[in-house]
Every structure is written in C-alpha cells, then in structure tokens.
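Order of the sequence lines fixes the chain letters, A, B, ..., with proteins taken first and strands second; residue numbering starts at 1 for each chain. Here the structure is a predicted model, which means the values were calculated and not measured.
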Amino acid sequence: MDVSSLINTLNDAQRRAVTAPSKAMLILAGAGSGKTRVLVHRIAWQIQVEGLSPHSILAVTFTNKAAHEMRDRVEKLLKFPTQAMWIGTFHGLAHRILRRHASEAQLPTTFQVMDSDDQLRVIKRLLKSMQIDDKKWPPKQIQWFINAQKDEGLRAKHLSHNGDFFLEQMIKLYQAYEVICHRSGLVDFAELLLKAHELLRDTPELLIFYRQRFRQVHVDEFQDTNKVQYAWLRLLTEGKDNLFIVGDDDQSIYGWRGAQIVNIFNFQSDYPNHELIRLEQNYRSTAHILQAANQLITHNSNRMGKELWTDSGAGELISLYSAFNERDEAYFVIDRIQQWLEAGTLKKEVAILYRSNAQSRQFEERLMTEAIPYRVYGGLRFFERAEIKNALAYLRLLSNRNDDPSFERIINTPTRGIGTRTLDSLREFAKDQQISLWQATERRINENFFSPRAANALKKFQALMQDLETQLQESELYEKVKLVGEKSGLIEFYKKEKEDRGEARIENLEELVNAARAFDYPHEEGETLSDLDMFLAHATLESGEMQGADADDCIQLMTLHSAKGLEFKQVFMVGLEEGLFPSGRSIEDVARLEEERRLCYVGITRAMEKLCISYAESRRLYGKESYPSPSRFLREIPKDCLQEVRFRANISQDTQRHTAKKVIKNSGLYHKGDKISHAKFGAGTILQLEGEGAHEKVQIKFRESGLKWLMVAYAKLERLS
DNA sequence: TTGTTCCAGCTTTTT
DNA sequence: GCTGGAACAA
C-alpha cells in the first residue's frame, strides 16, 4: 500500500507521532505546529496502514467547529465517508451515549439538554420557591458552585459542609436543583459529562462494550480537559494504553472553567509507558513573533517546556504603541489598518484582539466612521436569542410536558392573561405535590380550583398544546417549527413589537424554520430519538453553529479567548495594561496570573506576519478615569523584538515637519512652559505640544509623577500660571 | 400589562 | 458609564 501521501508532507516529529505503534502518546504541540494535521494523519494512518476499522475510532474535541474540521479533513485524506467514526465534542459524545442508554442512566428517553441560560432560570425559580433571598445568595454564584462540583465529579451527596453555613446552604440548593432537573427530564452541560462518566463507571457491561469498540481514542486540546472528562477518557482506555492526546500546556486558558493542566501530568503517571513528542517547529509566525512568545512564557513556572522555532525569516519587528487613552488607541489601530488595507491586505486577515468584550466599542466606533466592514465575534448566538428560545420552548414542551423551564418560558408568552398570581399558585402546588407545572395545571383545573377567568386562560393554553400536538404528528420537522411559530401566536406577538425589533425577530423565526429544513438527522444504528428531539438537542449543543457561516471580508474583532485556534496575517493586541491585561482579578494570584500570561502567549502566536501591541496611559473604565501602568507582559517581551511607534511624530524628518505644522494649528490654549495642575498627577510644567483637535496633546513634567503625554481634551488640566 | 425608573454589577466562554 | 433586570406606578 502506498502510504507515502500520509507522511511525506510531515516533518520529523510529526511523522514520529503519526506512525508510532499503538500506545499511549502525548503530543505536546506548540501553537502553529500542525497539531490538527498530526491528529488527522494519525487517524488516517491507523485506518489505512494498521487496518483499524473506522468504527473503532473515537476522537474528542472541545468545540463543534474543531470536530467538524477534523471530520472534514480525515474524510478528505481518506477519500471515504467517516460516519462510522465517533468524532465529536465531549458533550456531544456524552449526549450520544446517554441517549442510547437512557434507561441505564435513569433518564427519560426524551430527556433534553438545557443551556446555561435555562440553568440559571431554574436556579432563580428554585430560590424563589424556597424563599431564599437572591441578594444574599446570588443565582450566578450558585450556578457556578453546582457546575464546579459537577466538573469535579461530585454530587450533592458527596459533599459535606462541616458546619460551614455557606457550604451547607449551597449543598442544600445543589440537592434541590438535582431534584428539579430529574423531575423535568433536563440535563445541563456539566451533567452530560458527569452522567456519562457515572454510566460507564457503574455499568460494567457497557464499559466493556465501549472499551472493546474504541480501539483508539484521540483527544484534541487536552490541556482543557476537566476532572470528569479525564476520568471518562481514563475509563475507556485504562489498561489498554490506546490514548493519543494532543495539547499545549502553554495554551491552557480555561482554568476558570474547570480545566486542569494537571491532567497532563496525571496522564504521564497514569500511562507510564507513554511516549512524549514535542512539536516545536512553527509554520505560522515570523521569528520575531516567536521569540517574543517564547520569552514571555518562560516567566511561567511548572511548564512542560517547549520552544517554538521557524525556518522562515525573522520578519518585521513587533510594533508597540503607547496611546494617550482608549480613544487614541482606537484611532491609531484603525489608522494603521487603513495603511495596511491600502497596501493590499484583505480585511479578514486583520484581527483586533482584546481582553474583555467591553473594549470592542471604541474600535467599532472608529471602524464605523471610517466605513470599514468589521465583525465582532462572541455576543448572542442564534439559538440563544429570546424569540428562538421561545419557539424552541413550545417544541420542547410538546415533546415533554414536564419540562418546567419551558413551561415557565411560554405559559404567558405571548401574553394570554395568565398572571403571576395564577402562576405562583401553580408553582406552589407543583412543589407541594412534587409534580410538574403541567401536571399541576391539569389537577388544579380538574379540582375547579381557579376562578373562571384564570381557568379559562389555562384551558386555552392546554388546548393549544393539544392542538399543536395533533397537527404536528404527521408533519415534517420544518413544518412543525413553522406551525408552532404561527399557532402559538409568537409571530403575531412580535408583529406588534417595535418595527425593527419585531421584524428582526420574525426573520429569525423564519431562519429557524430554514435551519429545521436543513437539519441533517444523523441516522445511525441504535438511534431512538425523534427528529424533533434531535433537532432540539442540536440547538442546545451546537448553538454556535449558525453564526460561523459567513466568510465575508471584514476586520475581525474578538477576545483573546475566542482567538484561540485561529490565525491572522496581522494582529493587533490592545489594552496591554495592568488591571486590564492581566486582569485586575488575576494579579494577586500566581496561578491566575500565569493563566493570563498564557492568554498573552496565545494572542502573540495568532499573528503570522505583523503584530502590533498597544496600551493606553489613561483609560475610562466603568465610568472612572484610570491611569494604569503598562502591562508587565510588555517587560517580559525582549526589547529587540519590539519597535516603539510614536504616532504622527516619528523620527523621519518629513513627519516632524508635518507635526510642526500641526502644532501651530492647535487650540493655543497652552504653551511651552505653562504651569498646570492635573486632578491625579498634581502640578507640572508643559514641555511640548502636538496634534490638533481631538488629537491635541501635551507633554508635561509633573513634580510628583514624572513625564507624561496627555490628551488636552481629556486631561482636564487647570492652569496655574 | 405596560412603560418607566431605579439599581446593582461589571473578565474570559463552550458545551 | 452603561446595561439589563427588577420593582414600581398608572
């Protein structure tokens, strides 16, 4: 068999990883070192050369995007369909196992997945029903607690409070939450993983079955696994040493979400016969960029150790711009983007990366005024929009009448005269009787409990659901979705909303019908779910899928977190200031600070050709003016990779004359030698002036705080002389 | 039931 | 300083 096509495009380390005999393997893959390539070729190699059946391959990723990419690439390489392979996200695969073995897992066959939004609602309602003050016990915190326990593999019954009042309450709430989920047939994200783990752990025949089936298990981005995920992998591969993991400890940026790098070390001791291969040759960035990244990350402790190198050229130096404030920073960035665009760069090859979403605004405003198309990543996803979730809630309730969160969501949306009093009494009754809201409604109506008006409204709702159910029975999936939109009154309801908003919502509902029409039911052996249930699960598990589609040519704006895994020819990394990046909450804690540093490492290594870093000397944050010092990360990047940029005032003679002309055009409010005072820095003397209008700035020698450039428009200077 | 006002909160995000 | 959610009034 000719296998050269599988390996002759690989470098030495990659080839060793791909062709190693079946055993536990740890591939430490630096940024841009071709890790997906190794994974894909490894799978292809095992099938084509080692004769493994596609059926016996399991490959796990974290995002749907990564899973799809992997499947596509394997398919392309092997040139045959790959349905038999289990390639998916941890959550997707856990869901698959749970729906196949729902009864063994003690779940209703039509159990549904609930997203974090739904989860939070459940918790809020729980607090209300237990009459707990949500000021003292913030729902978000409870949600965080529950998820963190589940990530650790712990149920409420495993926890003890040792007299700690806070813990005691948390455990109580966790327990109550578990009861509600169980009764409603709902499973949250963390629960998918936990339950899938428990299922295999406690059902020997299933464990044996899957252990035999999956002869090879591959994991991408292993550094992001949490405890349960690793335990699950361990169950599947224990004693067989057939676990192939790819990861980069230096790119672990999800510790706050339960990821633990320590899993890499655990892997090493749990699989003592493993082989470790480092992929250090980088095919993405210039040497200067890599040098900066390498140096920066050496400031972290407890690394596996790795140094990226490239045999392409040194490339340009990294630009460093010190802005006066966040507006100036945006001016500078957009200015530079325009220069690059004029030089022929495509917009989609340029990215602005920031630490927190709030930072995007300044850049958006500038891009908007300059009429440069851009796209902000993150934000609300299609399946998370209120109108979509409402429509889906109807469908969910149709599929499972005990789905209380869905019931709550739509019982009075659109408004049908079922008020808080009616609802409260239903809730109370449901809680007392340990039944769902739907069941409570039925019972109460039979008992003639309500006033005629309330009873009528409720009956109408029941009739609506009944109606929908009969009408939907024989129809195609997309017809069901369409019909629900119409019959539920949602479309009618949104028509009455403010023009734009309502219209957009109706369009989204139409888009939902299209999504249902395009939905490709993954028909497999052993699949028992109806197409509707499958679609609903898809909507929750792959809520991000609908937005990645457009490949328009525009500037890319995103957080550093969402940039992981991507690459751009030209990257702006902005807001490199203490308190912002590294974020204020991470500064005291070494572990968190190191995670910030890894985040910075991720940011740097996104850039292929040009990298431009900036920080502001003054920044308005939460309505307050702050004067942060430049990020410590800047000091950790070697000086000889950096080139400082002075905006419009650079060394070249031409620019200087240019600047000189502009100085004349300034407001004339201040002159060299003027004594002024500043709210924060105190008294000082003006040394230089430059720029005009919004850009007018002055260099001041402060008695206490030293030399500073300030924007006249923002500095609120007071004249002393 | 809707519109207004007030008030807390405010890193990162996928599933 | 802005935003989203909750409380409140009409």
Side-chain angles (χ1 to χ4, degrees), chain A residues 60-67 88-95 113-121 124 128 134-135 138-141 144 147 150-151 187-194 196 221 224-226 228-229 252-259 326 353-361 377-381 383-384 386 412-421 493 496-498 537-545 547-548 558-565 575 577 579-587 589 592-593 595-596 598-600 602-603 619-626:
Chain A
V60 198
T61 63
F62 275 85
T63 66
N64 291 301
K65 200 173 149 206
T89 63
F90 276 103
H91 294 85
L93 295 169
H95 185 244
V113 187
M114 115 181 113
D115 67 16
S116 11
D117 190 57
D118 298 332
Q119 186 185 31
L120 193 62
R121 282 160 181 274
K124 279 184 186 164
K128 218 172 223 169
D134 62 357
K135 293 276 172 344
K140 279 243 168 83
Q141 197 179 357
W144 186 87
N147 289 336
K150 289 190 177 183
D151 286 347
V187 167
D188 63 49
F189 287 131
E191 180 76 18
L192 280 172
L193 303 176
L194 180 54
E221 306 273 21
D224 288 336
T225 49
N226 65 29
V228 174
Q229 286 163 335
S252 164
I253 54 174
Y254 286 110
W256 50 278
R257 218 164 65 186
E326 72 281 353
L353 308 181
Y354 37 78
R355 176 67 239 266
S356 87
N357 284 307
Q359 286 169 262
S360 75
R361 245 180 75 176
Y377 283 72
L380 213 50
R381 283 196 287 271
F383 284 110
E384 285 167 6
N412 206 28
T413 317
T415 47
R416 46 175 74 87
I418 299 168
T420 23
R421 282 199 41 205
F493 178 65
K496 283 186 218 137
E497 254 196 3
K498 266 204 205 114
H538 165 87
T540 315
L541 285 170
E542 301 194 24
S543 62
E545 266 310 279
Q547 66 169 10
M558 66 188 85
T559 61
L560 287 149
H561 280 92
S562 28
K564 190 169 131 201
E577 294 139 39
L580 187 61
F581 189 29
S583 91
R585 299 188 177 198
S586 317
I587 286 179
D589 182 348
R592 299 179 73 178
L593 186 68
E595 181 153 312
E596 295 283 307
R598 291 193 291 271
L599 188 57
C600 187
V602 167
R619 179 179 297 275
R620 259 213 325 251
L621 210 59
Y622 305 136
K624 270 212 190 109
E625 198 78 18
S626 66

Between [options], which one does the side chain of [X] approach most closely?
{"X": "A:Ser562", "options": "B:dT13, B:dT15, C:dG1", "result": "B:dT13"}
{"X": "A:Thr89", "options": "B:dT15, C:dG1, B:dT12", "result": "B:dT15"}
{"X": "A:Asn357", "options": "B:dT15, B:dT12, C:dT3", "result": "B:dT12"}
{"X": "A:Arg620", "options": "C:dG1, B:dT15, B:dT13", "result": "C:dG1"}
{"X": "A:Thr415", "options": "B:dT12, B:dT15, B:dT1", "result": "B:dT1"}
{"X": "A:Ser356", "options": "B:dT15, B:dT12, B:dT1", "result": "B:dT12"}
{"X": "A:Arg257", "options": "C:dC2, B:dT15, B:dT14", "result": "B:dT14"}
{"X": "A:Lys124", "options": "C:dA6, C:dG1, B:dT15", "result": "C:dA6"}
{"X": "A:Arg361", "options": "C:dC2, B:dT13, B:dT15", "result": "C:dC2"}

Practice task
Report the relative orientation of the aromatic rings in A:Tyr254 and A:His561; use parallel for angles under 30°, tilted for 30 to 60°, perpendicular for over 60°.
Solution key: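 A:Tyr254 vs A:His561 ring planes: tilted.
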Exercise for the section: Scan A:Phe62 against the nucleic acid and name what it touches under 4.0 Å (heavy atoms): base, sugar-phosphate only, or nothing. Expected result: sugar-phosphate
Exercise for the section: For A:Asp188, report the nucleic acid contact type (base, sugar-phosphate, nothing); a contact means any heavy atom under 4.0 Å. Expected result: nothing
In plain terms, say whether [X] and [Y] are close enough for a salt bridge, that is, a side-chain N and a carboxylate O under 4.0 Å apart.
{"X": "A:Lys564", "Y": "A:Asp224", "answer": "yes"}
{"X": "A:Arg361", "Y": "A:Glu326", "answer": "no"}
{"X": "A:Arg592", "Y": "A:Glu595", "answer": "no"}

Handout entry: Aromatic stack A:Tyr254/B:dT13: centroid gap under 5.5 Å, interplanar angle under 30°
Key =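 No; by the centre-distance and plane-angle rule, A:Tyr254 does not count as stacking on B:dT13.
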For atom [atom1] of [X] and atom [atom2] of [N], their distance in whole Å:
{"X": "A:Phe493", "N": "B:dT2", "atom1": "CZ", "atom2": "P", "result": "7 Å"}
{"X": "A:Leu194", "N": "B:dT15", "atom1": "CG", "atom2": "P", "result": "20 Å"}
{"X": "A:Leu621", "N": "B:dG9", "atom1": "CG", "atom2": "P", "result": "17 Å"}
{"X": "A:His561", "N": "B:dT15", "atom1": "NE2", "atom2": "C1'", "result": "16 Å"}
{"X": "A:Leu580", "N": "B:dT12", "atom1": "CG", "atom2": "C1'", "result": "12 Å"}
{"X": "A:Phe90", "N": "B:dT15", "atom1": "CZ", "atom2": "P", "result": "13 Å"}

Problem - Comparing A:Lys135 and A:Ala190 on DNA chain B - which has the more 5′ nearest nucleotide - result: A:Lys135
Practice task
Identify, between A:Gly419 and A:Glu596, the residue whose nearest nucleotide on DNA chain B lies closer to the 5' end.
Solution key: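 Result: A:Gly419.
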Practice task
Can you tell me, in whole Å, how much space there is between the C1' of B:dT12 and that of C:dG5?
Solution key: 22 Å
Handout entry: Short side-chain N/O contact from A:Asn64 to OP1 or OP2 of B:dT15, under 4.0 Å
Key =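 Looking at the OP1 and OP2 atoms of B:dT15, one of them is under 4.0 Å from a side-chain N or O of A:Asn64.
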